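Everything numeric here is computed off the predicted structure, so don't read it as measured data.
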Amino acid sequence: MPPSAFVTRRTELALAAKTDGRADDARRIRAARRPTLAAWTANLLLRAEPEECRRFLELGRALREAYRSLDATAIGELSEQRRRIVAALTRQAAQHARDAGQRLSDSVRQDVESTLRAVLADARAADQWATGRLEGVLTPPSDFPSGPAAEAGTPRRPPPPSPPPTPPPPAPAPRTNWPSAAANGRNASNRPAQRPKRPSDGWTTGAPTTTTPIRHCGGRTTARARPSDNGTTQSAS
C-alpha cells in the first residue's frame, strides 16, 4: 500500500494480532516504520519485477568482483550495463508507483536511482534491498572500492600529503653608496674627508686678504680685499 495509508494499516494489523493473543507480533507490527516514498517505490519494484531484480543483484556481485580484481575489461563491460540497467529499472519503478496512484517527483526519482546504484556498489545495501523492506534511501559510495576489504566496506587509504611549498628566495641586501671595507681595502673610519669648496664656490678660508681698489663710473672708489704676500690684509680706498 502507498505510504500515506501505512499508519492506518499498521494500527489495524497490530490490534488484530493483539486480539488473537499474538502479543509479540503486535509489538513487531507497531515497531515498523513508515518508508519514504522512494524506499517504498524500490520495495515495490522488487515485488513487481522479481526476475529483473534478481539479474540486477547478480550484476552487482559481478561488478564488485571486477573492481576487487582490477579487471579493466570486465569493469568496462559491466559499467556500461550498469548505467543502462539502472536507468531502465528507475523508469519501471516510477511506472509501478504511478499505477499504484503515486506520481514521483524528479527528486524522488533521483532517490530511487541512488538506491539502485548503492545496491550495485555495496553488498550490504544489496542485502537490505533484497528483503523488500527498505525504510529509507540508500546512498552509494563515491566510487567502487577495490581490494580484499571492499566487501566489508573498508574505506580507501587517503592519498599521501602534498609536499610543503618551496620557500621564496631571500630578498637581496640593500645597496649602499659607500663600498665595503673589504672592497676598498681600508676601514670606513679612514675615508678621506670631503674636499672643501674653493672661495669662488662661496666658501671662506683662513688665508689673509688684501683689498684692491675698484673704481666705479661715478668717481667713487671702493676697496676689495685680497691676500698680501706677507700675510697681512691691505685695503685701498
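- Thr90 OG1 to Arg109 CZ: the interatomic distance, rounded to the nearest 0.5 Å, is 7.0 Å.
- Residues Ile85 and Leu116 share a hydrophobic cluster, clusters being chains of Ile/Leu/Val/Met/Phe/Trp/Tyr side chains in contact below 4.5 Å.
- Nearest heavy atoms, Arg10 versus Arg33: NH1-CA, 4.4 Å.
- For the salt bridge (Lys or Arg N to Asp or Glu O under 4.0 Å) test, residues two or more places apart in sequence or in another chain that qualify with Asp25 are Arg22.
- Checked against salt bridge (Lys or Arg N to Asp or Glu O under 4.0 Å), Arg27 has the following partners two or more places apart in sequence or in another chain: Asp24.
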Salt bridge (charged side-chain N to carboxylate O under 4.0 Å, His left out) evaluation trace for Glu58 with Arg55: CA-CA 5 Å; Glu58 292 178 354; Arg55 291 198 295 266; over 6 Å; no

Leu104 vs Arg98, side-chain contact (heavy atoms from CB on, under 4.5 Å): CA-CA, chis, key distance, verdict: CA-CA 7 Å; Leu104 305 184; Arg98 189 160 46 247; over 6 Å; no

From CA spacing to verdict: side-chain contact (heavy atoms from CB on, under 4.5 Å), Cys53, Arg47: CA-CA 9 Å; Cys53 292; Arg47 300 187 190 320; over 6 Å; no

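- Leu13 and Phe6 are members of different hydrophobic clusters when ILVMFWY side chains are connected at heavy-atom separations under 4.5 Å.
- Within the 3.5 Å criterion, the main-chain N or O of Ala93 finds no donor-acceptor partner in the side chain of Thr41.
- Atoms CZ and CG, from Arg91 and Leu45 in turn, are 12.5 Å apart once rounded to the nearest 0.5 Å.
- Side-chain contact between Gln102 and Trp40 is present, with at least one heavy-atom pair separated by less than 4.5 Å.
- A heavy-atom distance below 4.5 Å is not found between the side chains of Phe56 and Glu52.
- Formation of a donor-acceptor pair under 3.5 Å by the Trp129 side chain with backbone atoms of Ala42 is found in this model.
- A donor-acceptor contact under 3.5 angstrom links the side chains of Gln95 and Asp99, judged on distance only.
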